[in-house]
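For the single chain, residues carry numbers from 1 onward in sequence order. Just so it is clear, the values below take in all heavy atoms, side chains as well, and ignore hydrogens, waters and symmetry mates. It should be emphasised that the depicted structure is a prediction, and the values quoted were computed from it without experimental measurement. Counting starts at 1 for both ligands and their atoms, following the listed order.
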Amino acid sequence: MENDIHSAAVAGRALVFGGSGQIGTRLLTNLVAAGWQVTAVTRQARAPMPGVLWQRGDLSSTNLPCQGVDAVFSCGPLDHFARWYAASRIDAPRVVAVGSTSVDVKQDSSEPAERDVAQRLRQAERVLFESAAARNVAATVLRPTLVYGAASDKTLTAIAALAVRTGFFVLPANANGLRQPVHVQDLADAAMQVLGCPVTAGHAYALGGGEVLGYAEMVRRTLACLPSRPRLLRLPAPLFKLALRLAHAGGRLQGMNAAVLARMTEPLAFDIEPARRDFGYAPRAFVAEAAMFIAPPADAA
Ligand SMILES: NC(=O)c1ccc[n+]([C@@H]2O[C@H](COP(=O)([O-])OP(=O)(O)OC[C@H]3O[C@@H](n4cnc5c(N)ncnc54)[C@H](OP(=O)(O)O)[C@@H]3O)[C@@H](O)[C@H]2O)c1
């Protein structure tokens, strides 16, 4: 087992999908620091990044480098990547792709769209592992749970933005289901670590953070680190539901559906022991800092 991400595997040529995303950006930095030659596929023009060749394209592109690539990384939609990989002629001996714990968490959701997400993730993992095995390629899937740290996630950053705007954030009193938020850097490091560990081939790993805490405590810490110190209010669950119904009727908070509400009470903690054992995964505890949730103004970036 190898712990130093910068010596986790001999550097070579990497092809990266989703390199502009919150996990992907950290992965590009890791790869460059470790001496890899990096080609990152993107659908839009991107600011130059030392050591990274941005190539315009997407997961239906046929003009991507397929020869001489040592590792392919996917930090974008897994279903699109699995389809691209199965159809491509790429000869890279190593594939590392990011999936999601939603593959399990959402499979029995009350929302058909969520069940569909779980089903697409499951199918994508199957296609990816089967096509990799057929080519004798070592593929590993990393399944993060709730991701934070880059001030662009759709959970804690969205909560922080709303709380900063209004001065408070409201949760139902029973929102105490367990959470295991995982920092983007720990995920990018995991993608490097698995490279040097052949035992990870053909496996999918749940990747939570280094601390399990209640939903309300996670939100409390997030709000407490913000400069304006928004307040966390708790409402009895029936009152919260009523308020949410009114918000929906007014066209607001549409993303907070019945399934999301139900999950706030559910324990979403994952066994990260296989990842610790197989590649030395050692994620940080949830220590909230404002920069993890509030992006700097564009001209300060
Ligand atoms: N955020 C979470 O809480 C969370 C939790 C569990 C799992 N995940 C999974 O982890 C992966 C990475 O997450 P992330 O939050 O870092 O993602 P992200 O910030 O949303 O970025 C994903 C990147 O993928 C590329 N992409 C998106 N849609 C695409 C498409 N249809 N075709 C080709 N490229 C596309 C985009 O790059 P360009 O715009 O440059 O093309 C985008 O920057 C995703 O698979 C996500 O499902 C995320």
Protein heavy atom under 4.0 angstrom of [atom], is there one?
atom: atom 35 (C) of ligand 1; answer: yes
atom: atom 47 (O) of ligand 1; answer: no
atom: atom 14 (P) of ligand 1; answer: yes

Please check whether [X] reaches ligand 1 - meaning an N/O of the residue sits under 3.5 Å from an N/O of the ligand, judged on distance alone.
X: Arg46; answer: yes
X: Ser100; answer: no
X: Gly76; answer: yes
X: Val41; answer: no
X: Thr42; answer: yes
X: Arg43; answer: yes

Between Arg94 and Thr200, is any side-chain donor less than 3.5 angstrom from a side-chain acceptor?
-> yes

Donor + acceptor pair across side chains of Ser20, Arg46 (<3.5 Å) =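 Note: Ser20 and Arg46 side chains meet the donor-acceptor criterion.
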
Can you pull out the closest protein heavy atom to [atom]? Residue, atom name and distance to 0.1 Å, please.
atom: atom 8 (N) of ligand 1; value: Gly99 O, 3.7 Å
atom: atom 20 (O) of ligand 1; value: Lys154 NZ, 4.6 Å
atom: atom 3 (O) of ligand 1; value: Val147 N, 3.2 Å
atom: atom 17 (O) of ligand 1; value: Cys75 O, 4.1 Å

Using a 4.0 Å cutoff against the non-hydrogen atoms of [X], which atoms of ligand 1 qualify?
X: Thr145; value: 5 (C), 6 (C)
X: Ile23; value: 10 (O), 12 (C), 13 (O), 16 (O)
X: Val98; value: 9 (C), 10 (O), 11 (C), 45 (O)
X: Ser20; value: 36 (C), 37 (O), 38 (P), 39 (O), 40 (O), 42 (C), 43 (O)
X: Gln44; value: 39 (O)

NZ or CZ of Arg135 within 45° of Tyr85 ring axis and under 6.0 Å | yes

Between [Y] and [X], does any NZ, NE, NH1 or NH2 come within less than 4.0 Å of an OD or OE carboxylate oxygen?
X: Arg43; Y: Asp58; value: no
X: Glu273; Y: Arg277; value: no
X: Arg143; Y: Asp104; value: yes
X: Arg263; Y: Glu114; value: yes
X: Arg221; Y: Glu217; value: yes
X: Arg284; Y: Asp186; value: yes

Exam field: side chain Asp79 to backbone Ala124, donor-acceptor pair closer than 3.5 Å = no

Are [X] and ligand 1 in contact, using a heavy-atom cut-off of under 4.0 Å?
X: Arg143; result: no
X: Asp153; result: no
X: Thr101; result: no

Can you label the angle between the Phe73 ring and the Trp36 ring as parallel, tilted or perpendicular, going by 30° and 60°?
-> perpendicular

Roughly how far, to the nearest 0.5 Å, is CG of Leu27 from SG of Cys75?
->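 Reported to 0.5 Å precision, the distance equals 5.0 Å.
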
Classify the contact between His80 and ligand 1 as side chain, backbone, both or neither, using a heavy-atom distance cut-off of under 4.0 Å.
->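 His80 to ligand 1: side-chain contact only, backbone stays beyond 4.0 Å.
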
Exceeds 12 heavy-atom contacts within 6.0 angstrom, atom CZ of Arg234 =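 Count over threshold, so yes.
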
